[in-house]
Asks: 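Just dropping this structure here.
Naming convention: chains lettered A, B, ... in sequence-line order (proteins, then strands); numbering from 1 in each chain.
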Amino acid sequence: MRLPSRGPRTLKKPQIPSRVALLDALGRKEVSRVHAVREILHLLYTMADAITTRADDYSQWYIDIVRGAKLADYSPVRGCMIIRPNGYALWENMKAALDGMFKETGHENAYFPLFVPQSFLAREAEHVEGFAKECAVVTHSRLIDDGEGGLKPDPESEIGEPLVVRPTSETIIWNTYADWIQSWRDLPILINQWANVVRWEMRTRLFLRTMEFLWQEGHTAHATKQEAVEETLRMLDVYTTFAEDYMAMPVLRGVKTASERFPGAVDTYCIEALMQDGKALQAGTSHFLGQNFAKAFDCTFQNENNELEYVWATSWGVSTRLVGALIMTHSDDQGLVLPPRLAPTQVVIVPIHFNDEQRATVLEVARRIEQELADAGIRVELDASEAQRPGWKFNEYEVQGVPIRLAIGPRDVKNENVELARRDTREKEIVPQKGLTARITELLDRIQEGLYNRALQFRQERTTAVDSYDDFKAALDEPGGFVLAHWDGTAETEARIKEETKATIRCIPFTDQLRGLDEPGEDLLTGKPSEQRVVFARAY
RNA sequence: CGGGACGUAGCGCAGUCCGGUUAGCGCACCUGCUUUGGGAGCAGGAGGUCCCCGGUUCGAAUCCGGGCGUCCCGACCA
């Protein structure tokens, strides 16, 4: 049973069956029972107020979290979402951390156009094939009265060559790089852009799959293959560090198989995370593009030996999908759980008082603590609003995933204590005001580490190595998650396994992650030789 | 694209079968009082082109025709 949560929602909950449907199900003579059934359902739908549990319905739980924590709304545009301040603050914190790491590794930010001439997209054969089916295309520049009180594109205003709303920017960027690069002295070019992209998708899942999303895309140009490959792997390392140190989300690193590769890439590397429902989520990708785009856009340079060579390329990106990954890695049935390093608010203070006199003394202490924490660089918020009562606030901040909550009431003022509640374990304790800042600084670190360890343990419990197809199928259901198995390297086998089990090869992992399991073997299905195990999973 | 359901206040719904007071209920919202250590109580209040167009009728949320939109299942996609 799914129950609606508090507050306005545009989301349609499952609807109570109509009278007609119930009459069909129960029989035409059961009119009174039909009324009773609908009455009961109606009561259940309106009286209770909870986030759907993960065990009950995982995808509904996810939607309840996103909406309950006010991260995003559905929009009037099908397939698009509205990122609310809470969700955007998370993305901003991710951006800030990543942007710093990009700068540290020598990258600069720039901005390229939203619109890509249609002909650009057609230049690289695999690239077109990969993206052509999901492009939004602009063909007109003007609206006119349609004579029926509405508007329509002015047929007179049809623009010459249609413009594609960028699904990714390789083409327009390489068209530009071709102008910028003549000599080996112009290389490398290390550019990143923060942007939105549009991919015309059928299904929507907030943050995980929407038509428009926000991301960063790095595009680099190099003089040698080796340098480009090194860059590709360097950025994969940056993503790994970000995922593990900031998001507290362990990831597997590896390279994609040919069928999962980015259209136009020579090699696609990825980090893969495991969500709580046992499904894998690609959390970031880094592509070695070889000379494919350089050739498509005739981008050459003269090397030190006065020879003309094509430029070597990389591109790499992460998107607002990471917000979805964050949710599904840590959150519980009470709501969002955020790692302190990314939490927009790390500590919330809730004052409790029964009269004006108490209000004054409680707030005085609360403000002093707020100031001390802020001075220590902690993101702290004092909620002194009288619009809601303390109990309501407790719940609200729990749903929103604030890592630490402090409650201060008259009792605490008198005893020079505060009540400290941590979101990750839901433990509460009374602690002295003295030394509070140091305690909280240390606790935030411990929470960050604890979340990572919990997620890592979860992943380890759901990573299985198997050597037979029967075991493989069993492991996908129980315990689920990542299944390490041998594969003969052919697309045919990969496709057949996908067809039969819905599992795909998430990556061919770097072998340092396969401690003790890096022996060669034989393919599950065909028995043909395999150099190493690959990671299978059902995926988002 | 095929099959099914739905469209009434910000949200969730009742009322429609069988046409007839001023279209109701819960949540949310506004005002006041009492409250406040885990989603407060009471009282008062505001909020509606009943998806749109046309028809039948003395009278349409309700019946009829057409249109639009949304959701679910399948197909497709990842």
Asks: Output the rounded distance in Å from NZ (K70(A)) to P (A28(B)).
Replies: 13 Å
Asks: So what does E386(A) hit on the nucleic acid, given a heavy-atom distance under 4.0 Å: a base, only sugar-phosphate, or nothing?
Replies: nothing
Asks: Could you state the CD-C1' distance from E357(A) to U36(B), rounded to the nearest angstrom?
Replies: 16 Å
Asks: Remember a base hit wins even if backbone is also touched, and classify D412(A) as base, sugar-phosphate or nothing at under 4.0 Å, heavy atoms.
Replies: base
Asks: Between G66(B) and A43(B), how far apart are the two C1' atoms, rounded to whole Å?
Replies: 49 Å
Asks: Base, sugar-phosphate, or nothing for K279(A), non-hydrogen atoms under 4.0 angstrom?
Replies: nothing
Asks: Find the distance E427(A):CD to G38(B):C1' and express it as a whole number of Å.
Replies: 17 Å
Asks: Report the distance from atom CG of N355(A) to atom P of U35(B), rounded to the nearest whole Å.
Replies: 10 Å
Asks: How are the rings of F262(A) and H287(A) set to each other: parallel, tilted or perpendicular (split at 30° and 60°)?
Replies: parallel
Asks: Taking the side chain of R411(A) as its heavy atoms from C-beta onward, which of G37(B), G38(B), A78(B) lies nearest to it?
Replies: G37(B)
Asks: Give the nucleotide from the list G39(B), G37(B), G38(B) with an atom nearest to the side chain of V399(A).
Replies: G39(B)
Asks: Using whole Å, what does the distance between atom C1' of nucleotide G39(B) and atom CG of D383(A) come to?
Replies: 14 Å
Asks: Do E386(A) and R359(A) sit within salt-bridge range, that is, some charged N less than 4.0 Å from a carboxylate O?
Replies: yes
Asks: Walk me through it: do R261(A) and E126(A) pass the test salt bridge (charged side-chain N to carboxylate O under 4.0 Å, His left out)?
Replies: CA-CA 10 Å; R261(A) 198 180 282 153; E126(A) 284 183 23; 5.8 Å; no
Asks: Tell me which of G391(A) and K133(A) sits closer to the 5' end of RNA chain B, going by the nucleotide each one is nearest to.
Replies: G391(A)
Asks: Look through every strand shown and name the nucleotide pairing with C50(B) as Watson-Crick or G-U wobble, where both distances are under 3.5 Å.
Replies: none
Asks: I'd like to know if Q388(A) reaches the base of G39(B) with its side chain, counting only an N/O donor and acceptor under 3.5 Å.
Replies: no
Asks: Any base atoms under 4.0 Å from R405(A), or only sugar-phosphate, or nothing? Heavy atoms, all strands.
Replies: base
Asks: Roughly how many Å apart are A60(B) and C6(B), using the P atom of each and rounding to a whole number?
Replies: 24 Å
Asks: Reading RNA chain B from 5' onward, which residue's closest nucleotide shows up sooner: K502(A) or A421(A)?
Replies: A421(A)
Asks: For atom P, what is the distance between G69(B) and U31(B), given to the nearest Å?
Replies: 40 Å
Asks: Considering only atom C1', compute the distance from U49(B) to C53(B) and round it to an integer number of Å.
Replies: 13 Å
Asks: May I ask which nucleotide in the shown strands pairs with G44(B), Watson-Crick or G-U wobble, both distances under 3.5 Å?
Replies: C30(B)
Asks: Please report the distance separating the C1' of U35(B) from the corresponding atom of C42(B), rounded so that it comes out in whole Å.
Replies: 11 Å
Asks: Rounding to an integer number of Å, can you tell me how far R506(A) CZ sits from A78(B) C1'?
Replies: 9 Å
Asks: Nearest whole Å is fine: how far is A78(B) P from R209(A) CZ?
Replies: 9 Å
Asks: With a 3.5 Å cut-off and heavy atoms only, can you find an N or O donor on one side and an acceptor on the other between the side chain of K393(A) and the base of G37(B)?
Replies: no
Asks: With rounding to whole Å, what would you report as the distance between G2(B) and A78(B) at their C1' atoms?
Replies: 22 Å
Asks: Given that both distances must come in under 3.5 Å, which nucleotide forms a Watson-Crick or G-U wobble pair with C58(B)?
Replies: G20(B)
Asks: Between E492(A) and R496(A), does any NZ, NE, NH1 or NH2 come within less than 4.0 Å of an OD or OE carboxylate oxygen?
Replies: no
Asks: Applying a 4.0 Å non-hydrogen cut-off, can you work out what E134(A) is touching in the nucleic acid: base, sugar-phosphate, or nothing?
Replies: nothing
Asks: Return the nucleotide paired to G39(B): Watson-Crick means purine N1 to pyrimidine N3 with N6-O4 or O6-N4, wobble means G-U with N1-O2 and O6-N3, both under 3.5 Å.
Replies: none
Asks: If we call it a pair only when both distances are under 3.5 Å in a Watson-Crick or G-U wobble match, what pairs with C25(B)?
Replies: G12(B)
Asks: Does R405(A) make a cation-pi contact with F394(A), if we ask for NZ or CZ under 6.0 Å from the ring centre and within 45° of the axis?
Replies: yes
Asks: Can you check the distance between U34(B) and A14(B), where both ends of the measurement are the P atom (answer in whole Å)?
Replies: 40 Å
Asks: Between C17(B) and C63(B), how far is it from one P atom to the other, in whole Å?
Replies: 5 Å
Asks: Taking all non-hydrogen atoms of both residues, which atom of N417(A) and which atom of Q433(A) are closest, and how far apart?
Replies: O-NE2, 3.0 Å
Asks: Could you tell me the Watson-Crick or G-U partner of C1(B), where both distances fall under 3.5 Å? Say none if there is no partner.
Replies: G74(B)
Asks: In terms of side-chain heavy atoms of E419(A), which of G39(B), G37(B), A78(B) is nearest?
Replies: G37(B)
Asks: Using purine N1 to pyrimidine N3 plus N6-O4 or O6-N4 for Watson-Crick, or N1-O2 and O6-N3 for G-U wobble, each under 3.5 Å, what pairs with G69(B)?
Replies: C6(B)
Asks: Charged N to carboxylate O under 4.0 angstrom, R54(A) versus D277(A)?
Replies: no
